[in-house]
Structures are given as C-alpha cells and as structure tokens.
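Notes follow once the structure below has been shown.
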Amino acid sequence: MAKIGVFVGSVFGGAEDVAQEVVETLTANGHVAQLYLEPLLTEFLEYQNDVVLIITSTTGQGELPDNILPLYCALNDQFPLLPNLHYGVISMGDSSYGEERYCGAGRQFDELLQQLQATPLAERLDIDACVNFDALEVTLPWLSGFIKQVV
Ligand SMILES: Cc1cc2nc3c(=O)[nH]c(=O)nc-3n(C[C@H](O)[C@H](O)[C@H](O)COP(=O)(O)O)c2cc1C
C-alpha cells in the first residue's frame with residue numbers, strides 16, 4: 001500500500017475527470033490516493049518520500065493550466081531536491097497545436113521532476129485528443145503498468 005498524491009492541471013475539466021478515475025482505481029488497488037485540484041507546494045512536499053502522479057492538460061501555447069502553474073513555479077523557484085520521490089506524468093494535449101506545443105505542460109513537469117532528482121516509475125503518457133476521444137482508454141492500461149511499479 002502506497003501513499004499517492006494526484007496533482008491535477010485542468011482548464012475544462014477533462015484532466016480532472018481522468019484524475020478522479022485514477023484516484024478510484026488506485027484506491028480500489030489498496031493504495032491511499034488523494035486528489036489535489038488547487039495544489040500547493042506544501043502539499044506536494046508531503047509526498048517527497050512517497051509517490052505523486054501529475055495529470056495535466058496543456059493550454060495556451062504549450063503552457064500549464066492556471067490551477068497547477070503556482071505549484072510548478074514554486075518547485076522551479078525553490079528547487080527542493082527530491083531523490084526519494086517516485087512519480088508518473090499523464091499529459092493531455094492535442095497534436096494539432098504542433099510538435100513544440102504538444103503536451104507541453106506534462107513535458108515541462110516531467111523535465112522539472114527529473115532535474116529535482118525524482119524517479120519516474122513509468123514513461124510519461126502523452127494523450128492526443130486528436131487520436132483518443134476517450135482518454136481513459138489509454139490511461140487505464142498505462143495506470144495498471146504504473147501500479148505494478150509502485151512498491
Ligand atoms: C485554448 C486551448 C489551448 C490549447 N493549447 C494546447 C497546446 O498548446 N498544446 C497541446 O498539446 N494541447 C493544447 N490544447 C488541448 C488541450 O490540452 C486538450 O484538449 C485537453 O484534453 C484539455 O483538457 P482539460 O479539459 O483538462 O483542460 C489546447 C486547448 C485549448 C482549448
């Protein structure tokens with residue numbers, strides 16, 4: 001049983017819907033999962049010896065949604081090293097915005113967590129709204145692989 005924080009970045013609610021399903025699945029698998037919709041650095045740091053999942057859409061031109069941007073900026077500014085943190089990133093986007101911008105928010109978060117010395121438990125999942133109308137179709141198989149890596 002692991003303690004898993006699910007930190008969400010969403011503009012129109014799609015990533016939030018995915019995150020709610022993810023929390024239900026994690027809980028059904030015996031983990032203690034908590035959803036954060038307006039995530040703060042203090043909340044994130046409570047997981048520095050545990051597991052976090054970032055589930056974020058991309059907005060603007062490859063940018064982070066407003067609700068998760070303060071957490072990203074605080075991590076980037078304070079730059080706390082997190083060598084005991086394990087994580088996963090589910091990044092939602094749309095490839096019609098172009099390669100540079102596609103899933104930019106999740107990519108930025110993934111890169112930052114690697115710089116902070118956290119360890120990914122699975123390769124980032126990029127979900128393309130052009131291809132996957134139902135994000136859960138790709139999320140749930142990815143999540144079952146992720147869960148197997150959680151000790
Ligand atoms: C105004 C706007 C800007 C967007 N910009 C990007 C972008 O730069 N890159 C990308 O991959 N997707 C972009 N998207 C697509 C969204 O990330 C995608 O539709 C996502 O599933 C929305 O999730 P949400 O409902 O949680 O916000 C954009 C969507 C909108 C409406």
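Scope of the values below: all heavy atoms of this structure, side chains included, with no hydrogens, waters or symmetry mates. Computed from a prediction, not measured in an experiment: that's the story for all the values here.
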Problem set entry | Spacing of Asp50 atom CG and His31 atom NE2 [to the nearest 0.5 Å] | 12.0 Å

Exercise. Going from CD on Gln108 to CG on Leu69, what distance comes out if it is rounded to the nearest 0.5 angstrom?
Worked result: 9.0 Å

Exercise. Which distance, rounded to the nearest 0.5 Å, do you find between the CD of Gln149 and the OG1 of Thr119?
Worked result: 12.0 Å

Exercise. Under 4.5 Å between side-chain heavy atoms, hopping through other hydrophobics if needed: is there a path connecting Val138 to Val8?
Worked result: yes

Problem set entry | Close side-chain approach of Gln114 to Phe109, heavy-atom, < 4.5 Å | no

Exercise. Any link between Leu125 and Val51 through a network of hydrophobic side chains (Ile, Leu, Val, Met, Phe, Trp, Tyr) touching at under 4.5 Å?
Worked result: yes

Exercise. Can you check whether Tyr102's main-chain N or O pairs, donor with acceptor, with Arg107's side chain at less than 3.5 Å?
Worked result: yes

Problem set entry | pair Thr58-Tyr97: side-chain heavy atoms closer than 4.5 Å | no

Exercise. After noting the C-alpha distance and the side-chain angles of Phe44 and Leu85, does the key distance pass the side chain to side chain contact (heavy atoms under 4.5 Å, CB included) rule?
Worked result: CA-CA 10 Å; Phe44 191 88; Leu85 175 69; 3.9 Å; yes

For this session: Can you see which heavy atom on Val18 is nearest to which on Ala135, and at what distance?
Result: CG2-CB, 3.8 Å

Seminar exercise, completed: Taken to the nearest 0.5 Å, the spacing of Leu113 CG from Arg124 CZ works out to 11.0 Å

Exercise. Hey, mind stepping through Leu35 and Leu37 against side chain to side chain contact (heavy atoms under 4.5 Å, CB included) and telling me if it holds?
Worked result: CA-CA 6 Å; Leu35 190 63; Leu37 299 175; 4.1 Å; yes

Problem set entry | Asp66 atom CG, over 12 foreign heavy atoms within 6.0 Å | no

Exercise. Please walk me through it: do Tyr72 and Leu112 pass side chain to side chain contact (heavy atoms under 4.5 Å, CB included)?
Worked result: CA-CA 8 Å; Tyr72 176 88; Leu112 177 58; 3.5 Å; yes

Exercise. Roughly how far apart are Ile55 CD1 and Ser10 OG, rounded to 0.5 Å?
Worked result: 10.0 Å

Exercise. Side chain of Asp110, backbone of Gly106: donor and acceptor closer than 3.5 Å?
Worked result: no

Problem set entry | In one Ile/Leu/Val/Met/Phe/Trp/Tyr side-chain cluster, 4.5 Å: Leu75, Leu81 | yes

Exercise. Just wondering, do Met1 and Val32 contact through their side chains at under 4.5 Å, heavy atoms?
Worked result: yes

Seminar exercise, completed: Heavy-atom nearest pair, Thr139 first then Ile90, reads CG2-CD1, 3.8 Å

Exercise. Is Val6 close to Gln34 at the side-chain level, that is, under 4.5 Å between some pair of heavy atoms?
Worked result: no

Exercise. Hey, are the side chains of Leu82 and Leu45 touching, using non-hydrogen atoms and a 4.5 Å cut-off?
Worked result: yes

Exercise. Counting distance only, does the side-chain N/O of Asp94 pair as donor-acceptor with the main-chain N or O of Ser96 below 3.5 Å?
Worked result: yes

Exercise. For Phe146 and Ala122, which heavy atoms make the closest approach, and how far apart are they?
Worked result: CD1-CB, 4.1 Å

For this session: Would you indicate whether the side-chain heavy atoms of Lys3 and Tyr47 approach each other to under 4.5 Å?
Result: yes

For this session: Report, as yes or no, whether the 6.0 Å neighbourhood of atom CD on Glu123 holds more than 12 heavy atoms from other residues, nucleotides or ligands.
Result: no

For this session: Report yes if the side chains of Val150 and Leu121 come closer than 4.5 Å at any heavy-atom pair, otherwise no.
Result: yes

Exercise. Ring centroid separation for Phe7 and Tyr36, is it under 6.0 angstrom?
Worked result: yes

Exercise. Can Val52 be reached from Val22 by stepping across I, L, V, M, F, W or Y side chains whose heavy atoms are under 4.5 Å apart?
Worked result: no

For this session: Any chance you could measure Glu111, atom CD, to Leu116, atom CG, to the nearest 0.5 Å?
Result: 12.0 Å

Exercise. Leu136 and Asp17: side chain to side chain contact (heavy atoms under 4.5 Å, CB included), yes or no, with the steps?
Worked result: CA-CA 9 Å; Leu136 286 175; Asp17 290 346; over 6 Å; no

Seminar exercise, completed: On a heavy-atom basis, the closest approach of Pro39 and Asn67 is CD-O, 3.4 Å

Problem set entry | Backbone N/O of Asn84 and side chain of Asn49: donor-acceptor pair under 3.5 Å | no

Exercise. When hydrophobic residues are tied together by side-chain contacts of less than 4.5 Å, even through go-betweens, does Ile4 share a cluster with Trp142?
Worked result: yes

For this session: Flag the pair Tyr87 / Ile54 as yes when at least one side-chain heavy-atom distance between them is below 4.5 Å, and no otherwise.
Result: no

For this session: Over all heavy atoms of both residues, which pair between Gly9 and Pro65 is shortest? Give the atoms and the distance, please.
Result: C-CG, 3.6 Å

Exercise. For the residue pair Glu38 and Glu43, what are the closest heavy atoms and their distance?
Worked result: O-OE1, 3.9 Å

